[in-house]
Amino acid sequence: MRNIDKTKPVMVTGATGYVAGWIIKKLLAEGITVHATVRNPGNKISLQYLDDLAEKAKGNIRYYKADLLDNGAFDEAMKGCELVFHTASPFTSKIRDAQKDLVDPALIGTKNVLNTANRIESVKRVVLTSSCAAIIGDAKDCLGYPNGIATEAEWNMTSSVEHQPYSYSKTVAEQAAWELSKAQSRWDLVVINPSLVIGPGINPNATSESFSLVRQLGDGSMKSGVPSFYIGVVDVRDVAEAQVAAGFTPGAEGRHIISAGNTDFMALASLLRKKFGNAYPFPKKLVPKLLVWLIAPAAGFTRKMIRLNVGYHWRVDNTKSTRMLGMKYRPVEESIVDMFQQMIDNNFFHTAKK
Ligand code: NAP
C-alpha cells in the first residue's frame with residue numbers, strides 16, 4: 001500500500017515519447033510538477049508542445065538531461081519524487097544491432113533507473129511501462145496458455161536477441177525490474193503491459209513504431225493485402241489512464257495487461273475503410289501464409305517470425321486492469337480512426353498511391 005503525495009514532483013522518463021506525452025498531460029492537468037527526463041533538453045523546439053501543455057494546465061514541467069545508458073543520469077530528476085514513471089525504451093524496427101539498439105537501453109536503462117530509486121530516499125513507487133511483448137513472444141505461444149489466452153501469469157519464454165529482439169528487450173528489462181524491486185522494501189513496483197498502442201499522439205514528431213504500423217495500412221504498402229497477423233490494441237489515452245491509476249491507487253500491485261481488444265490487421269483496415277471509404281489504399285484481402293513466408297526476407301521479416309505468428313490467434317485477458325485499475329477501454333474503432341485522422345491532418349499520406 002503506498003499513498004503518493006500529489007504535492008511532490010513526479011518523474012517521467014522518456015518524456016518525448018508517444019506514451020509519455022499523454023501521461024504528462026494527465027499529471028499536469030492534476031496540478032502536479034513533472035520532472036521530465038529527455039536526452040536533449042537543449043532542443044527547445046522539440047519540447048515546445050510539452051511547454052504548451054504546461055502553459056495551459058495547473059501543473060509545471062522541468063526538464064532533466066538523462067540517457068538510459070549513463071549511470072547516475074537520473075539522480076537529479078528523481079530527487080524529491082515519491083512516484084516515478086519509467087517509460088523510456090526504444091520501440092523501433094529501425095535497428096542495426098539488436099543488442100545495442102534495443103536490449104541494452106531497455107535492460108541497462110531499467111536497472112539504472114531502479115538503482116537510482118534505491119539511492120533516492122523519497123521514492124515510494126515506480127510504475128514501469130513494460131509490454132504484452134513480455135508476456136507473449138510469438139502468437140503461437142498462446143496455444144500453450146489456458147484457453148489460448150494469456151494472463152499476467154505468463155512470461156515470454158521464446159524471444160531472444162536474434163528472434164523478436166524488441167519483445168526480448170521488454171522481457172529481460174521487466175524481469176530485472178522485478179528482481180531489483182524484490183531486493184528492497186521502500187518502493188514498490190507496478191507494471192503496465194500494453195498491447196500495440198494506437199490513437200492520436202501529442203508529440204507532432206513522434207517516432208514510435210505505432211505510427212509506422214498504422215501508416216502502412218493507408219500509404220499503399222499493404223494495398224495488395226495483409227498477412228493474417230492477430231494483435232491486441234489499446235488507445236494511448238487509455239494507456240495513460242492506466243499508468244496514472246497504477247501510480248496513485250494505493251493498493252495497485254503486480255502486472256497489468258492493458259489492451260482494449262484482440263483484433264487483426266484486416267479488421268483494422270476494415271474499420272478504416274468504413275470511415276474513410278476508398279480515399280486511401282487500405283488492404284482488402286489476406287495474403288496466403290506461404291506467399292508471406294516466401295517473400296518475408298525481402299520485406300525485412302524472418303521466415304521463423306512468419307511461421308510462428310501468421311494465422312495464430314494472439315489473445316490476452318484484460319480483466320485485471322478493469323477490476324484493479326478501473327479501466328474502461330475506448331472502442332478500437334475510435335482509436336484507429338482518431339489516429340488515422342491525425343495522420344491525414346499532418347500530411348502523412350501526401351504520397352500515398354491509390
Ligand atoms: P517512443 O515514442 O519511441 O518513445 C520512446 C522514448 O524512449 C522516447 O522518449 C525516447 O527518447 C526514449 N529513449 C529511447 N532510447 C533512449 C535512451 N538511450 N536514453 C533515454 N531515452 C531513450 O515509443 P512509445 O511507443 O511511446 O514507447 C514508450 C514505452 O512504451 C516503451 O517502453 C515501449 O516499449 C512501451 N510500449 C509501447 C507500445 C506501443 O505500441 N507504442 C506497446 C507496449 C509498450 P528520444 O525522443 O530522445 O528518442
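Order of listing sets the numbers, starting from 1, for every ligand and every atom in it.
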- Does an N or O from Pro90, backbone or side chain, lie closer than 3.5 Å to an N or O of ligand 1?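 No, there is no polar N/O contact under 3.5 Å.
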
- Message: Polar contacts were defined as any N/O atom of the residue lying under 3.5 Å from an N/O atom of the ligand; does this apply to Val197 and ligand 1?
- Response: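 Yes - when backbone and side-chain N and O of Val197 are compared with those of ligand 1, one distance drops under 3.5 Å.
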
- Name the option, out of Arg39, Gln243, Lys170, that contains the heavy atom nearest to atom 17 (C) of ligand 1.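 That would be Arg39.
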
- Query: What atoms in ligand 1 come closer than 4.0 Å to a heavy atom of Leu196?
  - Reply: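 It comes down to these atoms of ligand 1: 40 (O).
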
- Rounded distance (nearest 0.5 Å) linking atom CD1 of Ile336 with atom CD of Gln341: 12.5 Å

- Message: salt bridge (charged side-chain N to carboxylate O under 4.0 Å, His left out) for Lys182 and Glu179? Distances and angles first, verdict last.
- Response: CA-CA 5 Å; Lys182 282 175 185 154; Glu179 261 178 47; over 6 Å; no

- Item | Val19-ligand 1 polar pair, N/O distance under 3.5 Å |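 Yes, at least one N or O pair falls under 3.5 Å.
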
- Task: If you have a sec, work out which protein heavy atom is nearest atom 42 (C) of ligand 1 and how many Å separate them, to one decimal?
- Result: Ser195 O, 3.2 Å

- Query: Closest heavy-atom contact between Leu47 and Asn40?
  - Reply: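 For Leu47 and Asn40, the tightest heavy-atom pair comes out as CD1-O, 4.3 Å.
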
- Item | Student check: side-chain heavy atoms of Arg2 and Leu83 closer than 4.5 Å | no

- Item | Nearest neighbour in protein (non-hydrogen) for atom 18 (N) of ligand 1 | Asp67 OD1, 3.2 Å

- Query: Does ligand 1 have an atom under 4.0 Å from some heavy atom of Ser210?
  - Reply: yes

- Message: Which residue and atom name correspond to the protein heavy atom nearest atom 19 (N) of ligand 1, and how close is it?
- Response: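 For atom 19 (N) of ligand 1, the nearest protein heavy atom comes out as Leu68 N, 2.9 Å.
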
- Message: Are any of the N/O atoms on Gly17, whether in the backbone or the side chain, positioned under 3.5 angstrom from an N/O atom of ligand 1?
- Response: yes

- Query: Which residue supplies the protein heavy atom nearest to atom 10 (C) of ligand 1, what is that atom called, and how far is it?
  - Reply: Thr16 OG1, 4.1 Å

- Give me the ring orientation class for Phe91 and Tyr166: parallel if the planes are under 30° apart, tilted from 30 to 60°, perpendicular past 60°. tilted

- Item | Short N-O contact, Glu82 and Lys8, less than 4.0 angstrom | yes

- 4.0 Å heavy-atom contact, Ser169 with ligand 1: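 No, Ser169 has no heavy atoms under 4.0 Å from ligand 1.
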
- Residue Phe91 vicinity, atoms of ligand 1 by number, heavy atom under 4.0 Å: 25 (O), 39 (C), 40 (O), 41 (N)

- Are Glu241 and Lys328 ion-paired here, with the side-chain N under 4.0 Å from a carboxylate O?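 The answer is no: the pair does not qualify as a salt bridge.
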
- Short N/O distance, under 3.5 Å, between Thr87 and ligand 1? yes

- Query: Passes ring-ring contact (aromatic ring centres under 6.0 Å, His included), Tyr18 versus Phe211? Steps please.
  - Reply: CA-CA 9 Å; Tyr18 171 48; Phe211 288 88; 4.7 Å; yes

- Atoms of ligand 1 close to Gly14 [distance to a heavy atom under 4.0 angstrom, numbered from 1]: 9 (O)

- Message: I'd like to check whether Ala66 has a polar contact with ligand 1, where a contact means an N/O of the residue lying under 3.5 Å from an N/O of the ligand.
- Response: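 No, there is no polar N/O contact under 3.5 Å.
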
- Message: Less than 4.5 Å apart, side chain to side chain, heavy atoms only: is that true for Leu217 and Met222?
- Response: yes

- Give the residue, atom name and distance (to 0.1 Å) of the protein heavy atom nearest atom 44 (C) of ligand 1.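 Checked against all protein heavy atoms, atom 44 (C) of ligand 1 sits closest to Ser130 O, 3.2 Å.
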
- Query: How about Phe282 and Phe340: are their ring centroids closer than 6.0 Å?
  - Reply: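 Ring centres of Phe340 and Phe282 closer than 6.0 Å.
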
- Centroid-to-centroid, Phe349 to Tyr280, below 6.0 Å?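 Aromatic pair counts; centres sit under 6.0 Å.
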
- Can you tell which part of Ala133 has a heavy atom less than 4.0 Å from ligand 1: side chain, backbone, both or neither? neither

- Task: Please report which non-hydrogen protein atom sits nearest to atom 33 (C) of ligand 1, along with the residue it belongs to and the distance in Å to one decimal place.
- Result: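 Looking only at protein heavy atoms, the one closest to atom 33 (C) of ligand 1 is Tyr166 OH, 3.4 Å.
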
- Query: Does Lys6 make a cation-pi contact with Phe248, if we ask for NZ or CZ under 6.0 Å from the ring centre and within 45° of the axis?
  - Reply: yes

- Specify the protein heavy atom at minimum distance from atom 25 (O) of ligand 1: its residue, its atom name, and the distance to 0.1 Å. Ser208 OG, 2.7 Å

- Task: List the closest protein heavy-atom neighbour of atom 30 (O) of ligand 1: residue, atom name, distance to the nearest 0.1 Å.
- Result: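 For atom 30 (O) of ligand 1, the nearest protein heavy atom comes out as Thr129 CG2, 3.3 Å.
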
- Query: Should the pair Arg125 and Trp187 be classed as cation-pi, given the thresholds of under 6.0 Å to the six-membered ring centre and 45° from the axis?
  - Reply: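 No, cation not above the ring by the 6.0 Å, 45° rule.
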
